[in-house]
Amino acid sequence: MIDLHTLRENPKEIFELLERRGVSRDSLEDLVQADRQVRSLFSKRDALRAKINDLSKEVGKAYRDKNSELAQAHIDASKSAGVELELLSQQALEAEHKRNALWMVIPNIPDPKAPIGSSEQENLVVRYWHPENGYSTVLPEVEYSGYKKVAHWDIGIELDILDFARAAKLSGSMFPMFKGSGARMLRALTSFALDQHTDEFLEIRPPSFVRRETMISTGHLPKFADDAYQIEADDLWAIPTAEVPLTSMARDEILEDGDLPIKMTAATPCYRREAGSAGRDTRGLLRLHEFDKVELMVYAKPDHYRETFDEILRRAEDILQKLGLYYRVLDLCTGDLGASARRTFDLEVFAPGVERWLEVSSVSWFGDYQARRANIRYRNAIDQQIYHVHTLNGSALAWPRVFAAILENFRDYDGSVEIPKVLVPYMGGLDRILPISGGVAKD
RNA sequence: GGAGAGGUGCCAGAGUGGUCGAAUGGGGCUCACUGCUAAUGAGUUGACCCGGGAAACUGGGUCCGAGGGUUCAAAUCCCUCCCUCUCCGCCA
């Protein structure tokens, strides 16, 4: 949620910034209006409550003075005020619901530096990185031999490390099954990434199923209920990302200034129904109902969000560089930004087999938007005041797409796939996965 | 899964219908005393919402696990849910 105080006091600037992401001026005016209404009704209600409180105290006093006549008079007065209170409370709550409904749907105020645009077409490519040429700001010329232009689902079957048919038998489409060296490589990726991050980030293994309230506090419910898996008997929900448990860890807490920033990393499975994209990318590892991901999450002081943001992005990139994958960094435009984010950088890896850029990470700064919703605050050591923290997170990284990119990028003419050097120690020394029979090498 | 006990402020812990935002102790902070530390004494010490004020501060409301109810009045009575602890059963 955005800060209503700021909206009241400085509407112009907020209007302008929110307009960049398509929020209409009217919806903001409506919110301001509804908020005014709420405050006026609540102050009337509170005044009436004060009156009843006073009367009730008088009743007690009258009884102590053994003046039951006076007591009765106060009771009568209080009773009739009570009837009025009922009505006012009702109105106040209705007004509040109305305001909250308007409030909840207002997305976060974008970073003034976020590129302005209306759709993903206008996302800005900040830089490219290629294992041979390093960084560049223009698209590097990269040629792929024919034997690299094989889709990972074919490679996976050729190497006998992916088994989509059996996975579908068990669970339906868009559930993966990794086998042998494939299963091990997935484990290697997780171990490698966690080992990279735990120098600064506390390793967490949170629950994979959370209560409804937890999903609500990160905004995944009620709006996106169709995208989540629910275990009905217990009303538990499968987490779509580790961001859900990690953000809720400090829910309703006041953190100590000295404890910030709190940096955490977690490897978890992620579950998504992908209801909105039925039929898209049903083949291979591009879009799955279940996948593993290593996440970075930070609670930071508002003044220090920038360095944290840079650090998360740097770490996510670092993993890709160490794996030797060709990727690009996108600065998401205001129209493509997620509702809670102020600024987001996406990392996309190039997969030559499917000839696509695959989003493998999304690094976001949420300002105090999530913290306000989840009520996560800290006491500032300097002025002793309580403020909301800033939350930031980044996937580092989503494995199936990285897995796909590794298969497609490191396939050789003989159909074998070279394992990235950094993973070899985690693979028990295995540095290459060989096809089970001849292979389907092109060229 | 069965039986029982319990959830109160930063912590411990009192409080069974009105004078309770809440005793008492500990901790924290401030001041005094002290060469330093320790000890001692005095004071102070919650969050949220709305209003007034430049600010210090101040008026009102809410909060005693959560949500409902009874009542003029609820930490206190009733209902539902959540959580914790103990014992038994079961289990990786």
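Atoms considered below: every heavy atom in the structure, side chains included; atoms not considered: hydrogens, waters and symmetry mates. So that the names make sense, note that chain A is the first sequence line, chain B the second, and so on, each numbered from 1.
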Scanning all shown strands, the Watson-Crick or wobble mate of B/G51 with both distances under 3.5 Å is B/U58
Show me the donor-acceptor pairs, under 3.5 Å and distance only, between side chains in residues 88-97 of chain A and residues at least two apart or in other chains.
| residue | atom | partner | partner atom | Å |
| --- | --- | --- | --- | --- |
| A/Ser89 | OG | A/Leu85 | O | 2.8 |
| A/His97 | ND1 | A/Leu93 | O | 3.3 |

Answer for the Watson-Crick or wobble partner of B/G4, both distances under 3.5 Å, is B/C85
Sugar-phosphate only, base, or nothing, as touched by A/Arg8 at under 4.0 Å among non-hydrogen atoms:
sugar-phosphate
> Given the P atoms of B/U80 and B/A5, what is the spacing between them in whole Å?
Replying inline: 16 Å
Can you find a side chain N or O atom of A/Arg39 that sits less than 4.0 Å from OP1 or OP2 on B/G51? yes
Q: Give a yes or no on whether a salt bridge exists between A/Arg211 and A/Asp235, defined as a side-chain N under 4.0 angstrom from a carboxylate O.
A: no
Under-4.0 Å salt bridge between A/Glu19 and A/Arg25:
yes
Give every pair of a protein N or O atom and an N or O atom of nucleotides 53-55 of chain B that lie under 3.5 Å apart, one pair per line with the distance.
none

Which part of the nucleic acid does A/Ser78 contact within heavy-atom distance under 4.0 Å: base, sugar-phosphate only, or nothing? sugar-phosphate
Does the ring center of A/Phe178 lie less than 6.0 Å from the ring center of A/Phe403?
yes
Between B/C57 and B/G67, how many Å separate the two C1' atoms, rounded to a whole number? 36 Å
Separation of B/C72 atom P from A/Glu86 atom CD, nearest Å, is 12 Å
Between CG of A/Leu93 and C1' of B/G67 the distance, given in whole Å, is 14 Å
Applying the 3.5 Å cut-off to both distances, the Watson-Crick or G-U partner of B/U40 turns out to be B/A32
Looking at A/Arg315 and A/Glu311, does any basic side-chain N land under 4.0 Å from a carboxylate oxygen? yes
Indicate yes or no: does A/Arg411 engage A/Glu158 in a salt bridge with an N to O separation below 4.0 Å.
-> yes
**Item:** Charged N-O contact under 4.0 Å between A/Lys179 and A/Asp163
**Value:** yes
query = Does B/U71 have OP1 or OP2 sitting under 4.0 Å from an N or O in the side chain of A/His74?
reply = no
What N/O pairs connect the protein and nucleotides 58-62 of chain B at under 3.5 Å? Give each pair on its own line.
| residue | atom | partner | partner atom | Å |
| --- | --- | --- | --- | --- |
| B/G61 | OP1 | A/Asn53 | ND2 | 3.2 |
| B/G61 | O2' | A/Asp46 | OD1 | 2.9 |
| B/G61 | O2' | A/Arg49 | NH1 | 3.4 |

Quiz item: Which part of the nucleic acid, if any, lies within contact of A/Arg379, taking any heavy atom under 4.0 Å across all strands shown: a base, the sugar-phosphate backbone alone, or nothing?
Solution: sugar-phosphate
Between A/Arg314 and A/Asp318, does any NZ, NE, NH1 or NH2 come within less than 4.0 Å of an OD or OE carboxylate oxygen? no
**Study point:** Spacing of the P atoms in B/A32 and B/U37 (rounded, Å)
**Key:** 14 Å
Side chain to side chain contact (heavy atoms under 4.5 Å, CB included) test vs A/Leu189 passes for just one of A/Leu323, A/Leu194, A/Leu397, A/Val422, namely A/Leu323
pair_partner(B/C77), Watson-Crick or wobble, both distances < 3.5 Å, evaluates to B/G69
